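Input: a single structure, listed below in structure tokens.
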Amino acid sequence: MKTKITFLGALVFTVMLSGCGDAELEKRVANLERRINQLENGNVVRNTATPTPTSSNAVESNLTAAASFKWESTVHNFGTIKQGEIVNYTFKFTNNGTEDLQIQSTSASCGCTVPQHTKQPIPPGGQGEIVVRFDSKGKSGQQSPVITVVANTNPKQTRLSLRGFVQVNAAPQP
């Protein structure tokens, strides 16, 4: 731990001597100080890859998973629907991290639910969505399919949930 902090201190000093503009230099120093504080507090996921000494960004990217989801909601209750109805819902998110967020895959716990996700990388501050289609054909009673999202975040997997009740159509009376 001390060697990483010492290494980062030396890196800060090197960056200061590199001749960057004052605003850029202050930004880099502040970012490195934030990373040092995170290391000292133990809340950083460390990558085992060895950073290249020629790039201060390489050191920063190896210290933490810097892409992060901020969801509007991770659970949607679609209420009561009739058997055979289809429900669509869009889970919306913002990348509140410092690096591009890339969704690698989305999957559902049941074949009745089909997720589709934003394919392109989401830049910091950018927004994306996962559109989910639930088909209640052949379903009845309480339903709670789960959608698993795998991305370059920490943790790598996020679970989204649909909730609702499928009402069986009453048989016609003679």
Side-chain angles (χ1 to χ4, degrees), residues 1 4 8 27-28 30-52 55-81 83-167:
M1 176 69 106
K4 286 190 180 198
L8 287 174
K27 182 179 173 183
R28 285 184 174 182
N31 196 20
L32 288 171
E33 287 173 345
R34 180 179 57 83
R35 300 278 189 191
I36 290 169
N37 286 335
Q38 287 177 331
L39 279 170
E40 290 174 343
N41 293 329
N43 61 354
V44 170
V45 175
R46 292 169 188 86
N47 187 340
T48 57
T50 304
T52 56
S55 169
S56 62
N57 289 338
V59 172
E60 292 173 17
S61 66
N62 285 328
L63 295 176
T64 185
S68 178
F69 284 114
K70 180 179 180 188
W71 296 95
E72 286 183 3
S73 173
T74 58
V75 177
H76 174 68
N77 187 334
F78 58 79
T80 300
I81 62 172
Q83 188 178 51
E85 284 186 53
I86 295 174
V87 176
N88 292 304
Y89 183 73
T90 302
F91 289 96
K92 295 181 181 181
F93 64 87
T94 300
N95 176 4
N96 66 343
T98 58
E99 293 181 8
D100 286 358
L101 188 152
Q102 178 68 53
I103 297 175
Q104 291 141 0
S105 66
T106 53
S107 59
S109 60
C110 150
C112 62
T113 306
V114 179
Q116 293 183 326
H117 62 273
T118 303
K119 304 288 187 210
Q120 57 273 57
I122 311 298
Q127 297 182 337
E129 57 186 34
I130 297 177
V131 178
V132 180
R133 179 179 185 264
F134 172 76
D135 186 347
S136 66
K137 180 180 178 182
K139 300 292 181 186
S140 64
Q142 188 66 40
Q143 300 296 310
S144 54
V146 174
I147 299 90
T148 302
V149 180
V150 179
N152 63 332
T153 57
N154 183 28
K156 299 233 8 120
Q157 292 186 355
T158 302
R159 289 192 168 68
L160 307 173
S161 301
L162 293 178
R163 302 276 186 262
F165 188 84
V166 177
Q167 193 173 45

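Keep in mind that what you see is a predicted model, and the values were worked out from it rather than measured.
To the nearest 0.5 Å, atom CD of residue Gln116 and atom CD1 of residue Ile147 are 12.5 Å apart. Separation of atoms OG1 (Thr113) and CG (Leu162) is listed at 6.0 Å; rounding is to 0.5 Å. Here Ser107 contributes atom OG and His117 contributes atom NE2; the two are 10.5 Å apart, rounded to the nearest 0.5 Å. For the atom pair Ile86 CD1 and Cys112 SG, the distance stands at 11.0 Å (nearest 0.5 Å). Once rounded to the nearest 0.5 Å, the distance linking CD of Gln102 with OG1 of Thr153 reads 11.5 Å. Summarising the geometry, atom OG belonging to Ser73 is positioned 12.0 Å from atom NZ belonging to Lys92; distances are rounded to the nearest 0.5 Å.
Residues Trp71 and Leu160 are in side-chain contact: their nearest non-hydrogen atoms beyond the backbone lie under 4.5 Å apart. Val149 is listed as a side-chain neighbour of Ile103, based on a closest heavy-atom distance under 4.5 Å. Between Thr94 and Phe69 the shortest side-chain heavy-atom distance does not fall below 4.5 Å. Contact check for Thr74 versus Phe91: no side-chain heavy atoms found under the 4.5 Å cut-off. No side-chain heavy atom of Lys70 sits less than 4.5 Å from a side-chain heavy atom of Ser68. The side-chain heavy atoms of Gln167 and Ser140, taken from C-beta on, include no pair separated by under 4.5 Å. In this structure the side chain of Val166 never reaches within 4.5 angstrom of the side chain of Thr80, judged on heavy atoms. The shortest side-chain heavy-atom distance between Gln104 and Asn152 falls under the 4.5 Å cut-off.
The heavy-atom pair separating Ser109 from Pro145 by the smallest distance is OG-CA, 3.6 Å. Taking both residues in full, the closest heavy atoms of Gln142 and Phe165 are given as N-CD1, 3.5 Å, listed atom of the first, atom of the second, then distance.
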side-chain contact (heavy atoms from CB on, under 4.5 Å) for Thr148 and Thr106? Distances and angles first, verdict last.
CA-CA 6 Å; Thr148 302; Thr106 53; over 6 Å; no

Under 3.5 Å, sequence neighbours excluded: what are the donor-acceptor pairs made by side chains of residues 120-136?
{"unit_1": "Asp135", "atom_1": "OD1", "unit_2": "Lys137", "atom_2": "N", "d": "3.0"}
{"unit_1": "Ser136", "atom_1": "OG", "unit_2": "Lys82", "atom_2": "O", "d": "3.3"}
{"unit_1": "Ser136", "atom_1": "OG", "unit_2": "Gly84", "atom_2": "N", "d": "2.8"}
{"unit_1": "Ser136", "atom_1": "OG", "unit_2": "Glu85", "atom_2": "N", "d": "2.9"}
{"unit_1": "Ser136", "atom_1": "OG", "unit_2": "Glu85", "atom_2": "O", "d": "2.7"}

